[in-house]
Amino acid sequence: MATTAGRHPYRVVVAGGGVAGLETMVALRELAEDRVDIEILAPGREFVYRALAVAEPFGAGEAVRFDLGKLAEGSGARHRLGSLQAVDPDRHEIHTNRSVRVPYDALVIALGAGPRIGVRGALTFRGPEDVSAFRACLDEALGGEATRLVFAVPGGIAWALPLYELALLTASRLAAAGVRGTELTLVTPEEAPLAVFGTEASRRVEALLAEREIRLRLRTYPDAFADGQLTVVPGAPQPADRVISLPRLAGSFVPGLPQDPDGFLSVDPYGRVADIEDVYAAGDITTFPVKQGGIAAQQADTVAETIAQAAGAPVAPMPFDPVLRGLVLTGDGPTFLRAEIGGGRGDASEATGEALWWPPGKIAARYLAPYLAERSGLAI
């Protein structure tokens with residue numbers, strides 16, 4: 001079934017209720033106005049702002065939850081409860097797990113990616129679901145039962161910032177409690193701390209680690225934790241009482257989508273999925289290596305502009321040109337990092353204690369951040 005550019009309303013189905021999906025929804029309504037009919041397909045009733053989960057064990061913040069139906073309603077969209085089971089590109093329709101077929105003119109895949117164990121034997125910190133387990137580790141350190149804590153970045157992880165935050169916040173809590181003699185170590189394959197942000201930001205993070213007396217092992221791949229030892233490549237094992245790591249990510253396979261062996265989707269600079277008409281993707285489900293909320297939002301903006309144009313709106317889509325923004329919680333005031341990671345700019349890196357974007361939240365999203373700020377009273 002062929003679609004017609006400019007038909008009213010232009011039916012847009014967004015599969016996924018995370019940052020990428022909601023940014024697409026809000027941006028589309030702003031750009032295309034009443035030219036689009038938007039439906040969000042998501043299996044849960046809540047949107048969880050997960051980025052603050054690292055602060056929760058320390059009582060410095062918590063993951064915030066919003067009613068997904070109310071967020072959709074506020075943007076003139078609908079929330080359909082369910083998950084994506086298959087895509088039929090020829091018929092321009094999707095199949096849900098509730099045996100419902102939903103037609104579309106444009107389909108946005110914003111399913112995110114699922115966590116996998118990053119370091120065998122370690123506590124894998126995925127977000128809110130692992131706050132209690134990490135809090136138990138922290139209590140052991142505060143009580144002197146665990147005196148060697150290792151924060152291990154798995155190989156193949158491009159977004160390691162949450163683990164740095166856990167290490168820095170742990171050091172600050174131990175110092176505030178007067179606990180001495182606890183050894184904190186960060187093991188990472190990176191050439192420099194948070195190297196993805198560039199030289200200036202990396203130096204700032206390295207200084208923060210040194211100030212907190214967190215030992216750093218660079219260019220080192222953690223393998224497995226057992227019997228008080230974290231085996232690494234190369235080098236001698238790292239002694240440890242507890243090891244905290246991040247998950248590796250993989251996409252969920254959906255029949256009808258041209259996914260790679262890890263479940264990710266390749267897209268062009270405008271978010272169009274390769275070899276399939278009128279299907280777009282944004283966020284962690286794409287092959288872009290940095291899996292981060294702000295990047296997902298930028299991808300969603302590109303997708304929204306492209307679809308808005310197809311729906312007849314006077315919009316000139318801009319290709320995805322990533323700018324990486326990261327707010328590091330340190331226990332002593334936030335540090336803002338910014339890097340232009342698109343090609344041809346050299347090392348464009350910033351690090352400061354002053355806000356580099358507005359509103360200065362953990363997730364820098366052009367449309368969604370102010371939308372949520374205006375609706376903070378809807379938080380569950």
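All figures in this text were calculated on a predicted structure; none of them were measured in a lab.
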| task | Identify the residue among Leu31, Leu372, Leu22 that makes a side-chain contact (heavy atoms from CB on, under 4.5 Å) with Tyr367. | result |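 Among Leu31, Leu372, Leu22, the one meeting side-chain contact (heavy atoms from CB on, under 4.5 Å) with Tyr367 is Leu31.
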| Candidate list Leu209, Val205, Leu186, Leu184, test side-chain contact (heavy atoms from CB on, under 4.5 Å), partner Leu168, passing option |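 Testing each of Leu209, Val205, Leu186, Leu184 against Leu168, the sole residue satisfying side-chain contact (heavy atoms from CB on, under 4.5 Å) is Leu209.
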Please report the interatomic distance [atom1]([X]) to [atom2]([Y]), rounded to the nearest 0.5 Å.
X      : Y      : atom1 : atom2 : answer
Glu340 : Arg325 : CD    : CZ    : 8.5 Å
Leu123 : Ser245 : CG    : OG    : 8.5 Å
Leu138 : Thr170 : CG    : OG1   : 5.5 Å
Ile307 : Arg35  : CD1   : CZ    : 14.5 Å
Leu28  : Ile38  : CG    : CD1   : 5.0 Å
Arg116 : Asp262 : CZ    : CG    : 9.5 Å

Verify the distance criterion only: is there a donor paired with an acceptor across the side chains of [X] and [Y] at less than 3.5 Å?
X      : Y      : answer
Thr147 : Glu183 : no
Glu190 : Thr188 : yes
His92  : Asp278 : yes
Arg212 : Ser172 : yes

Could you tell me whether [X] atom [atom1] has more than 12 heavy atoms of other residues or ligands within 6.0 Å of it?
X      : atom1 : answer
Arg135 : CZ    : yes
Asp275 : CG    : no
Glu213 : CD    : no
Arg78  : CZ    : yes

Under 4.5 Å between any side-chain heavy atoms of [X] and [Y], yes or no?
X      : Y      : value
Thr302 : Gln299 : no
Phe58  : Leu166 : yes
Leu246 : Pro154 : yes
Phe125 : Pro162 : no
Ile94  : Asp88  : no
Arg242 : Glu140 : yes

| task | Step by step, work out the side-chain contact (heavy atoms from CB on, under 4.5 Å) result for Leu107 and Tyr280. | result | CA-CA 6 Å; Leu107 172 64; Tyr280 306 79; over 6 Å; no
| How are the rings of Phe151 and Phe134 set relative to one another: parallel (under 30°), tilted (30 to 60°) or perpendicular (over 60°)? |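 Answer is tilted, since the angle falls between 30° and 60°.
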| task | Taking the six-membered ring for Trp and the single ring otherwise, decide whether the centroids of Phe264 and Phe288 are under 6.0 Å apart. | result |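 Ring-ring flag for Phe264/Phe288: false, centres at least 6.0 Å apart.
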Say whether, by atom type as modelled, one donor and one acceptor occur between the side chain of [X] and the main chain of [Y] under 3.5 angstrom.
X      : Y      : result
Lys362 : Leu327 : yes
His79  : Arg45  : no
Gln309 : Val315 : yes
Lys291 : Thr286 : yes
Glu93  : Arg101 : no
Thr24  : Ala20  : yes
Gln292 : Gly294 : yes
Tyr10  : Ala106 : no
Arg366 : Ala297 : no
Glu350 : Leu337 : no

| field | Other ILVMFWY residues reachable from Val119 by side-chain steps of under 4.5 Å | value |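 Same cluster as Val119: Val150, Val187, Phe225, Leu230, Val232, Val243.
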Closest approach of [X] to [Y] (non-hydrogen atoms, all atoms of both residues):
X      : Y      : result
Leu329 : Ala55  : CD1-CB, 3.9 Å
Thr330 : Gly333 : OG1-O, 2.7 Å
Leu161 : Gly326 : CD1-CA, 4.1 Å
Ile214 : Ala167 : CD1-O, 3.5 Å
Ala32  : Val36  : CB-CG1, 3.7 Å

| said: Checking Glu73 against Ser75 for the side-chain contact (heavy atoms from CB on, under 4.5 Å) test, could you report, in this order, the C-alpha distance in whole Å, the side-chain angles of both residues, the deciding distance, and whether it holds? | reply: CA-CA 5 Å; Glu73 182 181 351; Ser75 192; over 6 Å; no
| query | Which is it for Leu41 and Val102 under the side-chain contact (heavy atoms from CB on, under 4.5 Å) test, yes or no, and what are the steps along the way? | reply | CA-CA 10 Å; Leu41 176 70; Val102 183; over 6 Å; no
Are [X] and [Y] grouped together when hydrophobic residues (ILVMFWY) are joined by side-chain heavy atoms under 4.5 angstrom apart?
X      : Y      : result
Phe47  : Val64  : yes
Trp159 : Leu218 : yes
Val48  : Val131 : no
Tyr270 : Val323 : no
Leu249 : Val19  : no

| said: Using the rule given for side-chain contact (heavy atoms from CB on, under 4.5 Å), can you reason through Ile285 versus Gln259, listing the C-alpha separation, both sets of side-chain angles and the distance that settles it, and then say yes or no? | reply: CA-CA 9 Å; Ile285 192 67; Gln259 294 168 276; 4.2 Å; yes
| message | Taking the six-membered ring of Phe336 as reference, does the cationic atom of Arg338 (NZ for Lys, CZ for Arg) lie under 6.0 Å from its centre and within 45° of its axis? | response |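 No, a cation-pi geometry is absent between Arg338 and Phe336.
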| field | Test salt bridge (Lys or Arg N to Asp or Glu O under 4.0 Å) applied to Arg11 and Asp37, step by step | value | CA-CA 5 Å; Arg11 296 169 299 183; Asp37 175 82; over 6 Å; no
| query | Hey, are Asp34 and Arg29 close enough for a salt bridge, meaning a charged N less than 4.0 Å from a carboxylate O? | reply |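 Between Arg29 and Asp34 there is no salt bridge, as every charged N stays at least 4.0 Å from the carboxylate O atoms.
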| Under-4.0 Å salt bridge between Asp67 and Lys70 |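 No, this pair does not count.
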